[in-house]
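Given the structure is predicted, the values throughout are model-derived calculations rather than measurements. Order of the sequence lines sets the chain letters (A, B, ...), proteins ahead of strands, with each chain counted from 1.
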Amino acid sequence: MKTTTYNRRAFLTKTAKAGAVITAATTGSLLLFDTKRPLTEGLHKTITRLPDFSVDYDTGNTMSIVHGNDRKKSINTALKLLGGIERFVKPGETVAIKPNVAFATPSILGATTNHELVAELVRLCYTEGRAKKVIVLDNPINDPASCFALSGIGQAAESAGAKIIMPKENLFADMTLAGGKLIRNWPVFAAPFEGVDKLIGITPVKHHSRSGASMTMKNWYGLLGGRRNIFHQDINTIISELAGMVTPTLVILDGTDVMMSNGPTGGSLSDLRQADTLIVSCDQVAADAYGASLLNMMPGDLPYLALAEKAGVGTIDYASLQPIIAAS
Amino acid sequence: MKPMRIVQTRRISQLFFFCLFIWFCLVATLGDKFFQIQGWPVNWFLQLDPLVAIGTILSTHTLYKGLLWALATFILTVLFGRFFCGWVCPFGTLHHFTSYLAHRRLKAQEKIRISAYHPLQQVKYIFLLVFLGAAAYPSDQAILLTGLLDPIPLITRSFNLFVVPVVDTTTHLTSVKGRLYEGGWLIFMVFLAAILGNVLIPRLYCRFICPLGALFGLISRLAVWRIGKAERQCSDCKICERHCEGGCAPSTNIRGSECVLCCNCLDPCPDNVISYQALSNPAGEELQPNISRRGFTLSLVSGFLTVPAFRLADKSGNNWNTGIIRPPGSLVEEEFLQSCIKCSQCMRVCPTNVLQPAGLEYGLESLWSPILNNRIGSSGCQLNCTACSQICPTAAIRPLSRNEKLGLEEFAEKGPVKIGTAFLQRGRCLPWAMDKPCIVCEENCPLSPKAIFTRETYITVRNARYPIKTIETARIRLTEEVLVADTYASGDYYCLLGEHRHKIIGNGRDYLTLERELNDQNIDYEELEVQIRLQQPYVDIEKCTGCGICEHECPVNGRKAIRVSAEGETRNTKRALLLKRL
């Protein structure tokens with residue numbers, strides 16, 4: 001044991017150290033001193049909107065409907081009729097593509113967007129649109145990695161040069177939608193849209209027991225995080241709010257094979273009907289209004305269409321857009 | 001150049017196998033990238049483990065596929081002694097390293113004292129014999145418990161269910177959303193206790209507890225080559241015992257069963273009398289583990305008796321636990337417990353993280369075995385996935401093809417593998433008990449046709465009877481301003497006039513707007529009711545496979561309104577719920 005003689009120098013050093021610690025503790029406490037109790041459950045940093053990705057309607061037609069059983073041909077024809085992808089995607093831009101990757105099933109069963117169709121769209125963005133970067137994102141219902149793998153979308157999009165954005169927790173931001181009744185303080189898959197110039201939704205036509213049909217508007221459900229299933233209590237309002245939250249550049253509705261029953265999961269080829277139709281539209285309400293007919297439904301059977309139209313998202317009267325109809 | 005010292009070679013071997021072990025833990029992720037499972041022999045360490053092999057041979061009377069690797073370990077042990085403990089075992093390496101850290105400042109005398117042989121080292125033989133006794137119980141009632149303390153399953157489990165997931169929460173090396181394991185803390189506490197034991201005595205776990213080490217101890221009495229002292233006489237400096245890892249007392253009658261072949265005694269000997277040799281040991285040796293014949297028998301019999309002791313709870317009879325939902329392909333429960341070594345590989349590879357280690361509440365015999373907990377993870381059991389059945393090193397979950405799991409083609413007659421049945425609790429269900437539309441369970445049922453179906457009903461909203469003032473084609477005006485605007489605009493509400501129902505598409509404070517104009521016969525009413533259209537879910541018990549996706553998605557978030565229970569699982573026909581229609 002070391003023995004130290006206690007002298008003035010040692011005493012002063014010790015006192016100075018003690019003094020410094022006491023001062024630091026006191027200053028810190030006073031700086032953080034708070035007499036008010038928490039006024040809310042917590043401070044939420046919320047966003048109120050996503051960027052507007054739409055293009056000017058005046059530059060050409062805004063809706064095309066193509067009939068044919070070859071998806072690649074159909075999407076090429078449908079886009080050409082509207083002036084080509086280059087009308088919508090400018091050189092050097094970053095494009096986000098939102099397919100429906102909800103379920104861990106092969107895309108032949110039609111529960112997810114066809115993977116070859118996604119790959120073709122990515123390819124078009126790069127070659128015709130000369131995009132700088134294409135990202136593909138979704139927050140699936142089943143396990144995300146399994147969904148991207150089994151649907152084939154992960155592999156197809158990556159080999160076409162797109163980057164897959166997985167729904168990692170830190171990519172969600174709390175959103176309180178301006179005028180929204182349901183999307184309030186709700187996590188939305190928003191961070192990937194930073195630096196994105198254009199957004200294209202691409203989804204199949206599917207039967208859906210609760211809402212009637214799952215098409216381009218319902219596809220945005222995949223941007224919600226959290227316990228989003230709770231919105232099924234008011235499915236039509238949430239779908240119309242989602243459509244209002246997202247203003248895409250284009251929506252692409254794939255009705256080549258339509259899931260007529262057992263949706264939105266499907267699971268059997270017998271749930272599908274070949275309808276040989278693909279719709280490209282700047283107006284998602286119009287696209288879905290037309291899509292209803294593929295399920296032998298009227299727009300009135302899908303109350304979210306009227307709600308969205310009332311909110312100014314688009315028009316149910318797709319004929320007013322004078323869609324160009326052609327064979328692929 | 002000086003030849004490399006043998007301990008240097010040993011350290012390289014230990015480091016190599018430890019890194020290999022960690023690599024296998026990391027790549028056991030479903031996927032096709034090089035850092036995912038594609039082709040990696042992630043079960044290799046488990047397969048090298050002869051305790052897994054012997055345990056399952058005793059309980060199942062077969063040696064399953066990859067477990068044949070254990071024969072290589074066995075043969076090498078017969079030739080060279082406990083090389084596995086000192087040169088290969090990743091858990092041993094961890095103990096070796098932490099013991100070094102804990103005792104590196106100790107004086108030689110102290111070091112020699114804690115490295116000396118201790119009579120309690122025989123405890124590990126008791127563990128081994130109890131486990132083997134339980135595994136050897138006849139008449140299909142055996143229970144395999146080796147996995148609880150077997151070092152390879154133990155370290156695999158600790159890394160798979162605790163270390164990797166904890167690292168993954170920030171790094172996302174192996175998953176998108178992080179991995180979650182209920183009860184992972186208990187697994188880690190056992191692991192931590194084993195590691196901290198090294199602070200008391202170097203390689204405390206290896207010397208006192210490890211049943212695999214005990215097994216090697218029993219085998220190594222046959223070892224052709226072994227450490228020994230060439231002459232009886234030496235200066236008795238005990239420097240050979242300073243870093244002795246096994247506590248095998250090389251300075252006196254060396255205990256061959258305890259020697260882990262660390263080789264730390266070879267070089268330091270000033271008299272050069274210690275060597276690794278094929279001769280019998282002239283200085284005398286103790287090849288038998290220090291356990292008496294009576295102790296041996298008593299331990300085996302105790303192990304034997306643990307089986308009826310466990311069965312007292314009647315968990316394999318009427319008191320079976322419906323919460324034990326086993327992964328698809330699992331053998332019938334009795335046989336499952338004879339094969340499962342609690343290695344956690346199934347829980348590691350499961351893409352949705354729904355497979356969880358069973359806690360103590362499921363009984364000691366099920367501790368850390370896989371069960372489905374649909375409340376945790378990213379989704380229930382995925383329809384097209386058979387990963388757990390493919391990875392299981394002991395076939396406690398037997399390998400299933402997709403066709404067999406789903407009951408397709410050649411399995412069409414047999415039907416799909418069911419792991420349980422979803423039961424709806426109507427009292428918690430939104431459309432059944434609370435007049436709210438929902439049917440998320442129906443939406444997510446992955447089967448075609450769905451096992452969950454709905455029946456439509458219209459229920460009058462509470463207190464929603466309103467006197468009518470006027471009816472103007474598609475608009476009904478009420479006598480008072482009693483409504484909140486747009487409450488009934490969501491498309492789910494209907495107006496009941498007499499016996500006729502009309503869809504509401506909007507409302508103001510004192511009026512309702514209907515979808516269609518009313519014709520003449522409908523305009524003469526004094527009162528209306530507002531009804532909500534509900535689709536109420538039902539489970540088709542013959543179709544449901546118990547995948548649990550409905551339970552996972554059910555928005556009744558506390559205690560789910562639809563929950564899977566193990567009833568109706570196909571692996572156990574004795575517990576069948578329905579009559580088999582032929």
Item to check | Test side-chain contact (heavy atoms from CB on, under 4.5 Å) applied to A:Lys168 and B:Val176, step by step | outcome: CA-CA 6 Å; A:Lys168 290 185 179 165; B:Val176 178; 4.1 Å; yes

Checklist entry - About how many Å separate SG of B:Cys554 and NE2 of A:His232, when rounded to the nearest 0.5 Å? => result 12.0 Å

Item to check | A:Lys181 and B:Asp486, any side-chain heavy atoms less than 4.5 Å apart | outcome: yes

Item to check | Cationic N near anionic O, under 4.0 Å, B:Asp492 to A:Arg210 | outcome: yes

Next on the checklist: Quick check for you: to the nearest 0.5 Å, what is the distance between B:His552 atom NE2 and A:Asp143 atom CG?
Outcome noted: 9.5 Å

Checklist entry - When only pairs under 4.5 Å are counted, which of A:Thr237, A:Asp234, A:Ile235 shares the most heavy-atom pairs with chain B? => result A:Asp234

Checklist entry - Contact part of A:Ala306 toward chain B, heavy-atom cut-off under 4.5 Å: side chain, backbone, both or neither? => result neither

Checklist entry - Rounded to the nearest 0.5 Å, what separation is found between the CG atom of B:Leu30 and the CG atom of A:Leu150? => result 8.5 Å

Checklist entry - Tell me, side chain or backbone of B:Ile549 under 4.5 Å from chain A's heavy atoms, or both, or neither? => result side chain

Checklist entry - How many angstroms lie between atom CG of A:Leu109 and atom CG of B:Asn384, to the nearest 0.5 angstrom? => result 8.0 Å

Item to check | Distance in Å, B:Thr352 OG1 paired with A:Asn142 CG, rounded so as to fall on 0.5 Å steps | outcome: 9.0 Å

Item to check | Side chains of A:Ser209 and B:Glu442, donor plus acceptor under 3.5 Å | outcome: yes

Checklist entry - Side chain, backbone, both or neither: which part of B:Pro351 has an atom under 4.5 Å from a heavy atom of chain A? => result both

Item to check | Under 4.5 Å from any heavy atom of chain B - which part of A:Leu307 | outcome: side chain

Next on the checklist: Less than 4.5 Å to any heavy atom of chain A: does that hold for the side chain of B:Glu553, its backbone, both, or neither?
Outcome noted: both

